[in-house]
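Reviewing the structure listed below.
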Amino acid sequence: MSDDVILETRDLTKHYGGVHALEGANFILRRGEHVAIMGDNGAGKSTFVRQITGVEQPTRGQIIFDGIPRQFSGPIDAREAGIETVFQTLALADDLDVPDNLFLGREKTLFNLGPFSILDYRAMREATLRGLERTAVKIPNIRNKIRNMSGGQRQCVAIARTATFHSKLTIMDEPTAALGVQETAQVENIIRTLKETGEPLILISHNMRQVFDLVDRIVVFRRGRIVANLNKQETDPQDVVAYITGAKTGAEYQDAA
Amino acid sequence: MSDDVILETRDLTKHYGGVHALEGANFILRRGEHVAIMGDNGAGKSTFVRQITGVEQPTRGQIIFDGIPRQFSGPIDAREAGIETVFQTLALADDLDVPDNLFLGREKTLFNLGPFSILDYRAMREATLRGLERTAVKIPNIRNKIRNMSGGQRQCVAIARTATFHSKLTIMDEPTAALGVQETAQVENIIRTLKETGEPLILISHNMRQVFDLVDRIVVFRRGRIVANLNKQETDPQDVVAYITGAKTGAEYQDAA
Amino acid sequence: ETIGVTMALFDDNFLTVLRNGMIEYADELEGVDLQVEDAQNDVAKQLDQINNFIASGVDAIIVNPVDTSATEAMTNAAASAGVPLVYVNRQPINVDSLPENQAFVASNEIESGTLAAFEGCKLLRSMGKSEGANIYIMMGELSNQAAVQRTKDFHDVLAMDMCSFINVIDEQTANWSRDEAQDLMTNWLSSGTQFDGVFSNNDEMAIGAIQAMKASGISMEDVVVTGVDATQDALVAMREGDLDVTVFQNAAGQGRGAVDTALKLARGEDVAQKVYIPFELVTPANIDDYLAKN
Amino acid sequence: MSETTHGTGGLTFDASRRVWPNELNIFGALVLIVLIFEVLGALLMGQSFLFDTQGRFGSIFNEQRLYIIILQVSIVGIIAIGVTQVIISGGIDLSSGSVVGATAMIAMSFAQVAEVNGHPNPKAVFGPAFMDLPVIVPVVVGLACGLVAGLINGLLIAYTRIPPFIATLGMMVTARGVAKWWSKGQPISFPTDSYAMIGNGLGGWMPVFIFVGLAILFQLILKYTVYGKHTYAIGSNEDAARMSGIKVARHKVLVYVIAGMLAALAALVLSSKNLTAQAGMGVMYELDAIAMAVIGGVSLSGGRGSVVGTVLGALIFGVIISGFTFLRLDAYYQEMVKGAIIVGAVVLDQYRQRFASQR
Amino acid sequence: MSETTHGTGGLTFDASRRVWPNELNIFGALVLIVLIFEVLGALLMGQSFLFDTQGRFGSIFNEQRLYIIILQVSIVGIIAIGVTQVIISGGIDLSSGSVVGATAMIAMSFAQVAEVNGHPNPKAVFGPAFMDLPVIVPVVVGLACGLVAGLINGLLIAYTRIPPFIATLGMMVTARGVAKWWSKGQPISFPTDSYAMIGNGLGGWMPVFIFVGLAILFQLILKYTVYGKHTYAIGSNEDAARMSGIKVARHKVLVYVIAGMLAALAALVLSSKNLTAQAGMGVMYELDAIAMAVIGGVSLSGGRGSVVGTVLGALIFGVIISGFTFLRLDAYYQEMVKGAIIVGAVVLDQYRQRFASQR
Ligand SMILES: Nc1ncnc2c1ncn2[C@@H]1O[C@H](COP(=O)(O)OP(=O)(O)OP(=O)(O)O)[C@@H](O)[C@H]1O
Ligand SMILES: Nc1ncnc2c1ncn2[C@@H]1O[C@H](COP(=O)(O)OP(=O)(O)OP(=O)(O)O)[C@@H](O)[C@H]1O
Ligand SMILES: [Mg+2]
Ligand SMILES: [Mg+2]
């Protein structure tokens, strides 16, 4: 395995009782590369993300991140290893406000007193406003609870959280699904900035235009298996849809169909 | 007010403490008409839906549905009056399976014994499979709990629920946000069928192509106010974006900006 | 005059008789107002109630202590506010150091268990079991002083030469309750061990044991059952020949005595600081004397 | 990869790997606990816990032990059935123990005989006009008490939206007050023979019979009726249930009324079985009932669980109590060990579940 | 339409319509209850509830009443502070009352004097070597008891993932068993003078002082430290907290340890104030503590509430208890009315909140 691979999975598999949600996924992501994962609903995309971020333990298979085989026992491990994720379920604390959520688990503090460190509310508030402005979202009062935010506002908070911190790998699971026109454009800009700074990205999206605008390579999932691995230059939307729907299957994945 | 108006709101307003989420909305929907509501995140679209479906009580304003002024005290009232809604939050019971959710509140029964009526599981299961097939979603086992479904599978269940029952008005709040390519196409087909059978629809969506494909008229919200009311024939995507972003405001709504 | 009364527990049969004795007596007297509180077996609550009485400016306080070793703090509270205080039914631990305006009217808890166990022992002997007899002991709530004391008294009696033929198979708690006693007895019965007596910390548990034994067809002739309290239910059971021994404590008499003493203290009159009211053994022989008493 | 009937879009799932039902885990815990007692019994007592090794009953089992194991949890078990549906609906009922106390007092005072052994009833609450009444009177009065308590709980919870914990805590305190006030703390005894049958009929098996009968009934109701489905739905996601058009408030009232009436029924059985009613009856029953349900796999966050599970939870309780007496464990250690076993049973269940979902 | 600092995208909100803080509602309920007692007192007793109308204290207020109102809730109040953070973190602690009992017994047995009035201590637990110890010994031993109980609760809840209700119910039963077993049910009395100061120092104000001091401390901790923020986050959405990288398990252990130690501290104050320890101490305190928190606006589903609210909830309890004695309400009615008032206070709060959010 060469040194320019940031993430590799071998035979990654997840069964939920009788449901085979993910079956033998061999996936490679190089440093600086932006890859999209596409596939129908229930194809296993989020399941794949949950395995590599330590949210769940795979049934079998290996995860090699940054050159080291890993067994993340929880999302904290994955984050500490350098993986930042926007989950499809967003993972926000409903009863807290926006800055609290943005800095959850890595609060800014005034004095360091271990768990009893004093919070620096002002610094977090200011950083939050800066972070949110990058997504162009409109929030009347960031001190309102997340519970009271609109669907798009919530999603922007989750994205701002990921974008505020540097990482070795960013994963976004349908980040713009609930976003409006302007917000979507801004989030796409954020992704372009990542590309420029060389941070690798896995983007899950159903939006063909977005995928073709942003990424280098498209991996297609179907019924829990990877069925295609396409360079953007060598494919087009019709082709991708054919793979998604099962009209076509990648040569090297024939047995998977 | 003429007889062909199915829904009218007058000065409909909702304040959450200091947040003016909806301000003086005057909205009209005619029988058989399909209208889209567009607007940025936090513009007040879902708030508008929550007021007319009785989920919340408006701060002020009137709702006239089917010719009668209404004060829905809860979503049951609205549904009994004939309004079927796909909420943005989906409103599914996580611990129940798909048929249970589809028929929640209007179960098929074998004998009528009031609250102790015996459930007809088989009939519900079969009807569920039929309903889901219209959305093209793939679900390996409909007896799994909703908690374990993917984002798109959940959304399809919510749509199937609405589509399974006839109504005087259907409201869909971002129904295809989490859907894959095929599922989106199918749900759009369902909407076209509604149009053919003359059932009126309010569609909230951020997807410009979808809106221009499906509806007759586009209403734009900005910062809690209606800022434009455009017939599809007389507008185009650029124009709508201009209204959404605030570059333009409809002539009759100048004071609202 | 207002007298504040704090009772250890309202839903205790015996204490209810005592309390009603006080209330009836106060009703007979002109111008005496009783305010009765329920400490619900909580020492801290009882101390708070005393403080609340003081805040309301009562003329005297009667305490039926939850825990006789917790009386020191109560004595201090009342003494520093100058309010007279009378302990009733249970002997306070600081009985020898009570201030001038405090007194107690109590019975000596050691007697009850001793009387019952000794009579039970004599009965077993008279049934010709002096070669060896097996009994079960049913205890009240283990955090309750009377339960601990009575169980200890049982053991003290059984340790005497005269009663040492008695062997305790097992002792368990049924928390004063007839229901738990029924279940406990049935559990004992299910192990099939032969036994000759059940010594219980109170009548309710004794009756529960009797009901369980009768339900599984054991003849009550052959089993010695002892209780404490002489409740009406117990007297009925005794007359039916099921219960053999119980112990009577003059609750109403204690109640009256306490009210009298409190009034005298409030008026600054002289009183005897210690009044003991003895327990009395009840058996089928003298049962008629007690029928109308509790 | 065989069964495809329950999927859409041509998807299949492997039905052979179906998820282990929760109730089986709990049954496993029950068996394990029995086994432990058998082994300890053989080692320490030289006796079998459940089997008739001494030939006392002419049967395989120690029948008396089986009887007491289930009898002693039947009354709390009846309450636990009601509590199970309350918890599944996302609520909690802390009032059941106190409702037992109040109901027992009130019902019993309509069930007294006028004469005991030729003497007038020494515990009479009312005059002779209200004595020697037919058994239906105390039963109806008792159930009405439970209905009223449940109705108040339900109305408070459904319409003022206060947390069930608080509403039923208030009822717990109030009902206990009623129990004490009713006869000024005096116990009420000496019921009519027909009343005594409620708890002692069928050769003493009546409480068991009532418990098991109700358990079967409610298992069916929760599983196969609209009432059950709505109970699960409300517990799973109350907002979703409301938006789906379930009359949530009305349903909740019904749930609490049923729970109240089951507690009242337990009170009738209890006071009848004991031939007395006392103001302190039922103290802590609410916690035991809740613990039985939770040990039986009912989730305190609502939406999950079954009556079968609760029955198994009750049996675990019964086995523990009998096992302790069987081993003649010192009373002082019993409580300590009981606490540990309650926790242990649930931990065991948790691990099996996690193991099952990892497969 | 003035303040714009807290919005993005040029959005404004009307800061003058800011939401009414929850604690004000509860304070309102408290004032209302006091007023009711004042009015009833004037009508029925011809006396003032809080004011010194008879000139007994040479002050505006009936100082003794103010003192007892807060004193009698101080000890449960200390527990309630710990319970508040447990509930905010999405858990519950049923063990605190029993931990009080066990801790009081164990600590007190290290705080005994050797001689009482010249006689050897009649309640001695250990030999003379363990008597007349410096006060630090029983304090450390007591706090260690609380720590151990909390640690066990926390480890069970955090690592086996069993519901807090069950883990702490088990601890409740076990700790009560320990309390009874420690001295075989015998009360333990006659502490040293220095130990007696914990509950009686400062002219009897010590418990109040400790309670208020801890309340302020924990209000600040919950509001302004990482610990507090994580407690709210876990209670609000445990999965989200975990995915955000909070060490949920470790944090929960800390929460329960702190709760256990506060319960232990309450036990020290309680046994010192009463100059005795009893196995039955603290029964039902856990429910009172939870009720205080909930009346004070702490949400049982986690994520919401404050210590200030809990203190107000405790004061409502204190006012009710004192008010009843003041009105000489018959003890039978006290419980019934107390239940109703608990419910009433929460209902009132609920309505104000709903009204506030409708504006
Ligand atoms: N905990 C679980 N238990 C059982 N089945 C599960 C569980 N989680 C996911 N599944 C199933 O696994 C399959 C894959 O789900 P996944 O969430 O990965 O889909 P997805 O590709 O992300 O879809 P979407 O585009 O709708 O988000 C689905 O059929 C889903 O129902
Ligand atoms: N319960 C509430 N309390 C306070 N503010 C609220 C509440 N509900 C919504 N809001 C605010 O009202 C505004 C409108 O929200 P709404 O959900 O209607 O937006 P939307 O147009 O549906 O946005 P999206 O496209 O993101 O779904 C937002 O700023 C939101 O934060
Ligand atoms: Mg997904
Ligand atoms: Mg919306």
Side-chain angles (χ1 to χ4, degrees), chain D residues 90 92 94-95 98 152-153 156 159-182 184-185 279 283-284 287-288 290-291 294-295 299-301 330-351 353-354, chain E residues 90 92 94-95 98 152-153 156 159-182 184-185 279 283-284 287-288 290-291 294-295 299-301 330-351 353-354:
Chain D
I92 196 141
L94 297 179
S95 70
S98 293
I152 296 175
N153 281 338
L156 282 171
Y159 291 101
T160 71
R161 304 260 191 102
I162 63 176
F165 193 95
I166 287 296
T168 58
L169 181 69
M171 178 56 71
M172 167 183 175
V173 177
T174 301
R176 186 62 65 197
V178 170
K180 292 180 186 173
W181 158 81
W182 181 254
K184 305 285 173 204
V283 168
M284 300 283 273
L287 287 184
D288 278 353
I290 295 170
V294 178
I295 289 179
S299 158
L300 281 165
S301 41
D330 193 291
Y332 289 107
Y333 296 107
Q334 286 197 10
E335 281 190 81
M336 300 190 230
V337 181
K338 183 178 162 193
I341 293 188
I342 293 177
V343 171
V346 180
V347 170
L348 204 78
D349 181 36
Q350 212 78 14
Y351 273 98
Q353 270 186 50
R354 230 187 301 171
Chain E
I92 195 141
L94 296 180
S95 70
S98 294
I152 296 174
N153 281 338
L156 282 171
Y159 292 101
T160 71
R161 305 261 191 99
I162 63 175
F165 194 96
I166 286 298
T168 59
L169 182 69
M171 178 55 72
M172 168 182 173
V173 177
T174 301
R176 185 64 64 199
V178 171
K180 292 177 186 173
W181 157 81
W182 182 254
K184 304 285 173 207
V283 168
M284 298 285 272
L287 286 184
D288 278 354
I290 296 170
V294 178
I295 289 179
S299 159
L300 281 165
S301 41
D330 197 284
Y332 291 114
Y333 298 108
Q334 286 193 15
E335 281 192 79
M336 301 190 227
V337 179
K338 182 179 163 194
I341 293 187
I342 293 176
V343 171
V346 180
V347 170
L348 204 77
D349 181 36
Q350 211 78 14
Y351 272 99
Q353 273 185 48
R354 228 186 302 172

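All values reported here derive from a predicted model rather than from experimental measurement. The sequence lines fix the lettering, A, B, ..., with proteins before strands; numbering per chain opens at 1.
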Approximate separation, where rounding is to 0.5 Å, of D:I92 CD1 and E:I92 CD1: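 With rounding to 0.5 Å, CD1 (D:I92) is 7.5 Å from CD1 (E:I92).
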Please round to the nearest 0.5 Å and tell me the distance separating atom CD1 of E:I342 and atom CE of D:M171.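 Interatomic distance, E:I342 CD1 to D:M171 CE, rounded to 0.5 Å: 12.0 Å.
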Residue E:L287 versus chain D: region with a heavy atom under 4.5 Å: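 Interface part for E:L287: both.
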Under a 4.5 Å heavy-atom cutoff, which of D:K184, D:Q334, D:M284 has the most pairs with chain E?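 Among the listed options, the one with the most contacts to chain E is D:K184.
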Can you pull the side-chain hydrogen bond (donor to acceptor under 3.5 Å, both in side chains) pairs that have at least one residue in residues 166-181 of chain D, sequence neighbours excluded?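 Listed by first then second residue: C:D38-D:K180, D:K180-E:E335, D:W181-E:Y333.
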Residues forming a side-chain contact (heavy atoms from CB on, under 4.5 Å) with D:V343, sequence neighbours excluded: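 side-chain contact (heavy atoms from CB on, under 4.5 Å) list for D:V343, sorted by chain: D:V347, E:L156, E:I162.
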Counting heavy-atom pairs under 4.5 Å to chain D, which of E:V337, E:I152, E:L94, E:I290 comes out on top?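 When all of E:V337, E:I152, E:L94, E:I290 are compared, E:I290 has the most.
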Can you see which heavy atom on D:V173 is nearest to which on E:G339, and at what distance?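 So the minimum-distance heavy-atom pair works out to CG1-N, 3.8 Å.
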E:A291 versus D:I166, closest heavy-atom pair with distance: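 That would be CA-CD1, 4.3 Å.
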